[in-house]
Visitor: 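Just dropping this structure here.
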Amino acid sequence: MKIGLFPGTFGPPSKGHLDIIQRACLICDRLIVAVAHKPDKQEAFTKEEKVEMLRLITRSIPQVEIAAFHGLIVDFAKERKANFLIRGLRAFSDFEYEFQMALANRRLSGIETLFLMADERHTQISSSLIREIAHFNGPLHDFVPPEIESIIRKKLSKSK
């Protein structure tokens, strides 16, 4: 069984994340979507909120498991017996950081990283852009799955 692990902060999940999840499922038997805890980062959503949003948007994809982790992704991957990591690339500017992380992860544990190019419809989407649009009550339908739009808006809207 090929097990892929797609780590990220997912703050909040986007249509771009969902696209990577759906396409990653074509190359693995099981996909673990792993919500990272970043202690050095002020986050708009709790780990539990992010896990719940990811569960909502992936409920129709049976081979997806949502989990949260703390620490090094290579340790979590080993614990979950993942065969490889999945990372999405939106633009060339993402590549340098992701390449550096992939090499470090391989050096630490031997795990490989597979890169999936973002669908061109989603290359401009970032979680920070979504948070800003939601804060100012802008339309989110082009950026986030409909199942979680109201959750994001409720949490981030300036006119709560």
Side-chain angles (χ1 to χ4, degrees), residues 1-41 43-131 142-149 151-152:
M1 175 180 275
K2 292 183 281 186
I3 301 171
L5 182 65
F6 178 33
T9 53
F10 305 103
S14 69
K15 284 186 174 181
H17 292 130
L18 183 56
D19 174 62
I20 296 294
I21 290 166
Q22 291 168 329
R23 291 190 294 127
C25 285
L26 299 174
I27 58 174
C28 58
D29 301 304
R30 188 163 138 240
L31 180 67
I32 302 165
V33 180
V35 178
H37 172 68
K38 297 277 189 175
D40 59 330
K41 191 175 176 184
E43 298 190 273
F45 296 92
T46 66
K47 169 183 57 176
E48 294 79 16
E49 289 169 327
K50 292 187 254 183
V51 165
E52 181 56 28
M53 286 188 283
L54 285 161
R55 284 190 176 131
L56 285 171
I57 67 172
T58 61
R59 67 178 170 231
S60 65
I61 311 170
Q63 71 256 49
V64 171
E65 172 191 343
I66 310 297
F69 76 98
H70 180 78
L72 295 175
I73 190 60
V74 294
D75 294 335
F76 188 68
K78 185 176 182 180
E79 174 188 314
R80 290 320 230 348
K81 298 181 179 13
N83 303 99
F84 51 87
L85 301 177
I86 299 280
R87 296 298 293 158
L89 296 174
R90 292 173 295 190
F92 187 72
S93 56
D94 290 345
F95 182 74
E96 185 176 2
Y97 171 77
E98 294 294 346
F99 182 69
Q100 187 178 42
M101 292 303 297
L103 291 176
N105 289 334
R106 189 170 61 193
R107 178 168 283 179
L108 288 170
S109 73
I111 197 163
E112 292 292 346
T113 301
L114 303 180
F115 295 106
L116 295 179
M117 300 295 129
D119 183 293
E120 62 275 1
R121 294 171 297 168
H122 307 305
T123 57
Q124 83 289 359
I125 300 174
S126 69
S127 292
S128 58
L129 176 68
I130 293 167
R131 290 191 304 269
D142 286 337
F143 306 100
V144 300
E147 300 91 338
I148 62 172
E149 184 174 347
I151 297 168
I152 295 166

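The shown structure was predicted, so the numbers you read here are calculated from the model rather than taken from an experiment.
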Visitor: Look up atom CD in Glu49 and atom CD1 in Ile148, then write down how far apart they are to the nearest 0.5 Å.
Guide: 11.5 Å
Visitor: Less than 4.5 Å apart, side chain to side chain, heavy atoms only: is that true for Cys25 and Gln22?
Guide: no
Visitor: Heavy atoms only: give me the nearest Ser14-Pro145 pair and the separation to one decimal.
Guide: C-CD, 3.8 Å
Visitor: How about Glu147 and Arg59: do any of their side-chain heavy atoms sit closer than 4.5 Å?
Guide: yes
Visitor: Got a second to check how far Glu52's CD is from Thr46's OG1, nearest 0.5 Å?
Guide: 10.0 Å
Visitor: What closest approach, in Å, do Gly88 and Ile20 show between heavy atoms, and which atom pair accounts for it?
Guide: CA-CD1, 3.9 Å
Visitor: Would you say the side chain of Arg80 lies within less than 4.5 Å of the side chain of Ile3, judging by non-hydrogen atoms?
Guide: no
Visitor: For the residue pair Ala34 and Phe10, what are the closest heavy atoms and their distance?
Guide: O-CE1, 3.5 Å
Visitor: Is there a side-chain contact between Glu43 and Thr9, using heavy atoms and a 4.5 Å cut-off?
Guide: yes
Visitor: From Arg55 CZ over to Glu65 CD, what is the distance, rounded to the nearest 0.5 angstrom?
Guide: 8.5 Å
Visitor: Go through it in stages, so that I can follow the logic: the residues are Asp19 and Lys15, the test is salt bridge (Lys or Arg N to Asp or Glu O under 4.0 Å), and I'd like the CA-CA distance, side-chain angles, deciding distance and then a yes or no.
Guide: CA-CA 6 Å; Asp19 174 62; Lys15 284 186 174 181; over 6 Å; no
Visitor: Quick check: do Ile152 and Met53 have side-chain heavy atoms less than 4.5 Å from each other?
Guide: yes
Visitor: Does Arg106 reach the side chain of Leu103, with side-chain heavy atoms less than 4.5 Å apart?
Guide: yes
Visitor: Please report the C-alpha distance between Phe143 and Glu149 in whole Å, then the side-chain angles of each, then the deciding distance to 0.1 Å, and finally whether the side chain to side chain contact (heavy atoms under 4.5 Å, CB included) criterion is met.
Guide: CA-CA 9 Å; Phe143 306 100; Glu149 184 174 347; over 6 Å; no
Visitor: Taking Ser126 for the side chain and Leu129 for the main chain, is one N or O donor matched with an acceptor at less than 3.5 Å?
Guide: yes
Visitor: For the atom pair CZ (Phe99) and CG (Asp94), what is the distance rounded to the nearest 0.5 Å?
Guide: 14.5 Å
Visitor: Apply the side-chain contact (heavy atoms from CB on, under 4.5 Å) test between Pro13 and each candidate in Val33, Ile57, Leu56; give the one that qualifies.
Guide: Ile57
Visitor: Output yes when a side-chain donor or acceptor of Ser127 lies under 3.5 Å from a complementary backbone atom of Pro12, and no otherwise.
Guide: yes
Visitor: Can you name the nearest heavy-atom pair linking Phe45 to Gly11, along with the distance?
Guide: CD1-C, 4.2 Å
Visitor: For Leu54 and Ile21: C-alpha separation, side-chain torsions, deciding distance, then whether side chain to side chain contact (heavy atoms under 4.5 Å, CB included) applies.
Guide: CA-CA 10 Å; Leu54 285 161; Ile21 290 166; 4.3 Å; yes
Visitor: Given Ile125, which of Asp142, Asp119, Ile130 fulfils the side-chain contact (heavy atoms from CB on, under 4.5 Å) condition?
Guide: Ile130
Visitor: Flag yes if more than 12 heavy atoms outside His37 fall under 6.0 Å of its NE2 atom; otherwise flag no.
Guide: yes
Visitor: Could you tell me the separation between the CG atom of Leu5 and the CG atom of Leu31, rounded to the nearest 0.5 Å?
Guide: 7.5 Å
Visitor: Would you give the length of the straight line joining atom CG of Asp75 to atom CG of Asn105, rounded to the nearest 0.5 angstrom?
Guide: 10.0 Å
Visitor: Is there a side-chain contact between Met101 and Thr113, using heavy atoms and a 4.5 Å cut-off?
Guide: no
Visitor: Any side-chain heavy-atom pair from Ile27 and Ile86 closer than 4.5 angstrom?
Guide: yes
Visitor: With a 6.0 Å cut-off (strictly less than), is the heavy-atom count around CD of Glu48, excluding the residue itself, greater than 12?
Guide: yes
Visitor: Which label fits Phe92 and Phe95: parallel for a plane angle under 30°, tilted from 30 to 60°, or perpendicular past 60°?
Guide: parallel
Visitor: Specify the closest pair of heavy atoms between Pro7 and Phe69, including all atoms of both residues, with the distance to one decimal.
Guide: CB-CE2, 4.3 Å
Visitor: At their closest point, which heavy atom of Lys2 faces which heavy atom of Cys28, and how far apart are they?
Guide: O-CB, 3.5 Å
